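A short worksheet on the structure shown next.
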Number of protein chains: 2
Amino acid sequence: MRHRDLPPLAAIRVFEAAARHASFTRAAEELGMTQAAVSYQIKLLEERLGAPLFLRRPRTVELTPTGRQLAPATSEALDLLASAFAAARKDAGSVLTVSVLPTFAAHWLAPRMGRFQMKHPEIAVRITATRAVVDFRREDADVAIRSGLGEWEGLTVHPLFPVAFAPMLSPKLLERHGPLTSPADLLDMLLIDPGDRWWCLWFAAMGIEGFEPAGHPDARMGDQHLEARAAMGGHGVAILTPGFYRQEVEIGLLAQPFPAISETGQNYFLVYPAARRNVPKVRAFRDWLLDELEADEQTRDKA
Amino acid sequence: MRHRDLPPLAAIRVFEAAARHASFTRAAEELGMTQAAVSYQIKLLEERLGAPLFLRRPRTVELTPTGRQLAPATSEALDLLASAFAAARKDAGSVLTVSVLPTFAAHWLAPRMGRFQMKHPEIAVRITATRAVVDFRREDADVAIRSGLGEWEGLTVHPLFPVAFAPMLSPKLLERHGPLTSPADLLDMLLIDPGDRWWCLWFAAMGIEGFEPAGHPDARMGDQHLEARAAMGGHGVAILTPGFYRQEVEIGLLAQPFPAISETGQNYFLVYPAARRNVPKVRAFRDWLLDELEADEQTRDKA
DNA sequence: CAGCATGCATAAGGTCAGCTTATGCCGGAG
DNA sequence: CTCCGGCATAAGCTGACCTTATGCATGCTG
């Protein structure tokens, strides 16, 4: 296509300011450079154009006819650019796209997201729940929540909590049942979804050999959140990711009598391109999310 | 006034090309730089903006919504600038302003100017005849014809011919009168405008003491060109600047029997700012003027 | 009317933005 | 499976551009 034959754009910017002010000195002030630099750029532009743009009058400069003809167009063009970029910046800042694992979205993010929206009404949120690990290079996402080991290059990474699991039950059920002193005590209780691999792994990690999934009524619900609701309802012991239920523990809906284990040592992480760490909407989301997490921690610490 | 917060304009130019081509490589070709440079500039712009502009897809790049929103505006702005500058260039190239001494204008330039216009119909000529030495800094002139010693800094200078004077008369009169062997012979003839200082100076330079302006009928006409016409008409001997009348000498309207003297050693010069020596209209005028001068010389040499 | 203040031009010099070269990586096509 | 096309990245260089310092012209001012 067209090969535009434009003078150096920096010189155009300088010219526009100088023409607007009818003064090199004031243009220099506006542009944050020295008067000498303005003089230099104008001269450059004049030579490039082959025509003088200013007449040097004592104590002032005056546009030549050529300059007078050029000035409005340059102003208009720069205005156009400025407003386009301002709009883009604003627009780009107003939609936050979060790519998040479906589990995390359902168990942790969704219930809290409303508070973010309340806090930042100027930011529209688009949540993409996807199992695939997002590649910021080719997906239009601003931030993501991933699980893994937290070693991703070029990304800023904030650990959230471990990808782990532990038995959890309602405090009322615990009370009815009496204190649980050893993991083996759980074998007597109703396990929600006893076929879950996690139970197997957890009992094994606790040094208990005799666990047989088949030996328990099948209460599988298929979704951790449903299991959690069942547990909260006192219907049995579920094996859950504690990080998702810190608040429920705090307000007495769930109890975690034994430690959690992490199968892989993985964590959930908030990640985003390091280069964009200071973009307002990214910063807003990060700050809010870490605050939420802190709130979770504090309620647990108080407990 | 406003402080525009524009990203680097160079980056904008690159972005516009890349968006237009949907390819960094082709944008680089258009802009005459490497693909790496384009990549660099785009990245710069994205970081400055805080939002990605392209999605990096395999074997191609694709605009993000932000980029798609930005692209038309940048194209428009650059088009605007390009056409404005093209117009200015064209316009600035189409009017040639010549600042010229009135004498020179009347005696030499005016009669020849028509040929320049014929040769360059695309150039409109504006002639400013002024006694004041033009200062290209503060007057909107492209070229000037000055007299002086030819030492002006920053100006390109072409010597034209000396500011000198010599007696001239019509060949017919010369024939009627018989050969002039010595300047003193002129004392017998009708001198046009004998009160002219130049006569005095010239006779003195020739070593003739006895010249008395008052002793001659007053034929002063006040203008060299009118005197020349009178001389061509055979009405007497005029003291003229030979440079103005080379062609008349060639075609047999005037003869110069004795050498010219230059009072001050000055010349007429064509001058223009050295920086603008390659501007088409300046070059056109210079080339044409030097050609005209050459033609004068040649006719004289042939004579 | 001298002296001062203002505004632009110019010279010299330094620095960093921005370019190039070289290389790696990825994915699709043959 | 290998090659190729297209983008990213690293390293290094250079010249465009800016600054500092100074000069010059002129209008203002007491």
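Basis for what follows: all heavy atoms, side chains included, without hydrogens, waters or symmetry-related copies. Source: prediction; values computed, not measured. Order of the sequence lines sets the chain letters (A, B, ...), proteins ahead of strands, with each chain counted from 1.
- The phosphate of C:dC8 (OP1 or OP2) has no side-chain N or O of A:K43 nearer than 4.0 angstrom.
- Relative orientation of the B:F269 and B:W152 rings is perpendicular, given thresholds of 30° and 60° on the angle between their planes.
- Nucleotide C:dA17 holds its P atom 12 Å from the CZ atom of B:R48, rounded to whole Å.
- The aromatic rings of B:F54 and B:F24 lie perpendicular to each other, with more than 60° between the two planes, well past the 30° mark.
- If you measure from atom CG of B:L45 to atom P of D:dA8, you get 13 Å, rounded to the nearest angstrom.
- Rounded to whole angstrom, the span from the CZ atom of A:R26 across to the P atom of C:dT6 amounts to 12 Å.
- Here the P atom of nucleotide D:dC7 and the CZ atom of B:F24 are 7 Å apart, to the nearest Å.
- For A:Y40, the ring pair (Phe, Tyr, Trp, His ring centres under 6.0 Å) test picks out no residue, with sequence neighbours left out.
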Could you run down nucleotides 15-30 of chain D 5' to 3' and tag each one B, S or - for protein heavy-atom contact under 4.0 Å? --BSBB----SBS---
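- Contact annotation: A:S39 does not reach the phosphate of C:dT10 (side-chain N/O to OP1 or OP2, under 4.0 Å).
- Counted by atom type alone, B:R146 and B:Y268 present zero donor-acceptor pairs between their side chains at under 3.5 Å.
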Distance-only criterion, 3.5 Å: show the donor-acceptor pairs between side-chain atoms of residues 81-91 of chain B and protein atoms not counting sequence neighbours.
| unit_1 | atom_1 | unit_2 | atom_2 | d |
| --- | --- | --- | --- | --- |
| B:S83 | OG | B:D79 | O | 3.2 |
| B:S83 | OG | B:L80 | O | 3.1 |

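- B:I42 places its CD1 atom 14 Å from the C1' atom of D:dG6, with the value rounded to the nearest Å.
- A sub-4.0 Å separation between OP1 or OP2 of D:dC7 and a side-chain N or O of B:T25 is present.
- Rounded to an integer number of Å, the gap from CG of B:D135 to C1' of C:dA9 is 12 Å.
- Straight-line distance from the CG atom of B:L31 to the C1' atom of C:dT20: 15 Å, rounded to whole Å.
- Note: B:F285 and B:Y272 fail the aromatic proximity criterion, with ring centroids not under 6.0 Å apart.
- In this structure, B:R286 is not positioned above the aromatic face of B:W288 in the sense of NZ or CZ being under 6.0 Å from the six-membered ring centre and within 45° of the axis.
- A close approach under 4.0 Å does not occur between any side-chain nitrogen or oxygen of A:R137 and OP1 or OP2 of D:dC7.
- Taking atom CZ of A:R57 as the reference point, atom P of C:dA9 lies 13 Å away to the nearest angstrom.
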